[in-house]
There are 2 protein chains.
Amino acid sequence: MESIVKTDSRGRKTVLNACTEPCAIEKGMRLIGGKWTGSIIYHLKDSPVRFNDLGRMLGGASKKMIDQRLKELEARGMVVRKVINDRPVAVTYELTEFGRSALKILEDLRVWSEANSI
Amino acid sequence: MESIVKTDSRGRKTVLNACTEPCAIEKGMRLIGGKWTGSIIYHLKDSPVRFNDLGRMLGGASKKMIDQRLKELEARGMVVRKVINDRPVAVTYELTEFGRSALKILEDLRVWSEANSI
DNA sequence: AGATGTAGGTTACTAAAAGTAAACTAATTG
DNA sequence: CAATTAGTTTACTTTTAGTAACCTACATCT
């Protein structure tokens with residue numbers, strides 16, 4: 001991660017240790033940083049939540065967005081979808097251990113964000 | 001942040017403490033989470049960096065993106081643009097105290113991201 | 001002198017993602 | 001029976017992201 005810009009004798013520049021394509025920060029952001037992704041993970045922190053309840057909690061995110069994000073999170077193994085009832089279809093989403101491992105970062109982000117009351 | 005879904009006697013649901021529009025996590029993500037934003041902040045952590053050097057370090061981000069992100073970061077007071085030379089125009093970008101305050105989160109994100117080598 | 005390279009951008013245009021609104025199946029309540 | 005809830009899906013519009021070429025000014029190489 002220590003990128004070093006090297007200048008040769010003729011003023012030409014090259015970088016040693018450049019971020020190999022998307023670097024760790026960028027990769028991490030792509031797991032956690034998508035629009036609404038962090039909020040969804042954070043709202044699942046205490047217990048499994050049902051689809052529409054999540055929508056109500058998130059205020060501002062469309063059903064399509066939530067659906068899309070949940071599917072991405074499921075594909076990455078951060079969230080599990082569980083059908084808890086058939087007759088009237090009822091589904092909950094909950095965090096996996098991996099999903100849970102992101103909570104610390106999100107909690108820090110929340111504290112930082114609130115401290116800078118933007 | 002403790003959203004509670006309340007169900008009334010007739011099964012109607014409402015949420016207490018819903019995320020008031022974009023909640024803290026979401027707001028924080030909008031400061032730090034945009035594409036390349038986190039990476040840019042992180043690469044400015046040690047010293048001021050020049051525009052094109054940043055481009056070389058980030059590998060994969062276009063000049064337009066970097067320019068756009070730097071302008072946003074400047075507008076939010078997270079980064080300062082400094083003209084260090086006129087004859088051949090030379091510019092550096094460096095973090096403000098506020099910008100610097102985001103580094104801990106980014107560092108944690110990097111560690112998490114690398115640990116889960118995605 | 002003329003071609004090439006560097007720095008710091010801007011412009012025009014295309015592709016991909018986000019957002020909105022409505023529709024759909026199936027069951028439940030009044 | 002009409003209205004409501006749950007969990008999506010579809011069609012369509014608006015924003016963003018990304019690409020590539022271009023521009024001004026200075027410096028160096030041949």
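Chain A is the first sequence line, chain B the second, and so forth, proteins listed ahead of strands; every chain is numbered from 1.
Rounded to whole Å, the distance from CG on N52(A) to P on dT8(D) is 9 Å. Between K63(A) atom NZ and dT5(D) atom P the separation is 10 Å, expressed in whole Å. If you take CG of D53(B) and C1' of dG9(C), they are 15 Å apart, rounded to a whole angstrom. The nearest whole Å value for the distance from the CZ atom in F51(B) to the C1' atom in dT10(C) is 10 Å. Distance K82(A) NZ to dG7(D) P: 16 Å, rounded to the nearest Å. In this structure, I66(B) places its CD1 atom 12 Å from C1' of dG9(C), rounding to the nearest Å. Atoms CZ (R81(B)) and P (dG8(C)) sit 9 Å apart, rounded to a whole Å. Rounded to an integer number of Å, the gap from M57(B) CE to dA7(C) C1' is 15 Å.
In this structure, D67(B) reaches the sugar-phosphate backbone alone: every heavy-atom distance under 4.0 Å involves primed, P, OP1 or OP2 atoms, never a base. As judged by a 4.0 angstrom heavy-atom cut-off over every strand, A90(A) is placed among residues touching the sugar-phosphate backbone only.
Under 4.0 angstrom from either OP1 or OP2 of dA7(C) there lies no side-chain N or O belonging to Y93(B). One finds a side-chain N or O of K71(A) lying less than 4.0 angstrom from the OP1 or OP2 phosphate oxygen of dT9(D). Under 4.0 angstrom from either OP1 or OP2 of dA6(D) there lies no side-chain N or O belonging to R50(A).
Residues forming a side-chain contact (heavy atoms from CB on, under 4.5 Å) with K104(A) (at least two apart in sequence, or on another chain): D108(A), K104(B), D108(B). Taking K63(A) as the reference, F51(A), N52(A) meet the side-chain contact (heavy atoms from CB on, under 4.5 Å) condition, with sequence neighbours excluded. Not counting sequence neighbours, the partners of E94(A) by the side-chain hydrogen bond (donor to acceptor under 3.5 Å, both in side chains) test are K82(A). Under the side-chain contact (heavy atoms from CB on, under 4.5 Å) criterion, E72(B) pairs with Q68(B), R69(B), R76(B), not counting sequence neighbours. Every residue meeting the side-chain contact (heavy atoms from CB on, under 4.5 Å) condition with R100(B), not counting sequence neighbours, appears here in chain and number order: L95(B), E97(B), L103(B).
A ring-centre distance under 6.0 Å is not found for W36(A) and Y42(A).
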Would you tabulate the pairs of protein nitrogen or oxygen atoms and nucleotide nitrogen or oxygen atoms of nucleotides 14-18 of chain D closer than 3.5 angstrom?
{"residue": "dA17(D)", "atom": "OP1", "partner": "R69(B)", "partner atom": "NH2", "Å": "2.6"}
{"residue": "dA17(D)", "atom": "OP2", "partner": "R69(B)", "partner atom": "NH2", "Å": "2.8"}
{"residue": "dG18(D)", "atom": "OP1", "partner": "K35(B)", "partner atom": "NZ", "Å": "3.1"}
{"residue": "dG18(D)", "atom": "OP2", "partner": "W36(B)", "partner atom": "NE1", "Å": "3.3"}
{"residue": "dG18(D)", "atom": "N7", "partner": "K64(B)", "partner atom": "NZ", "Å": "2.8"}
{"residue": "dG18(D)", "atom": "O6", "partner": "K64(B)", "partner atom": "NZ", "Å": "2.2"}

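Between the side chains of E74(A) and Y93(A), no donor-acceptor pair of N or O atoms lies under 3.5 Å.
Among dG7(D), dC26(D), dG8(C), the nucleotide with an atom closest to any side-chain atom of P88(B) is dC26(D).
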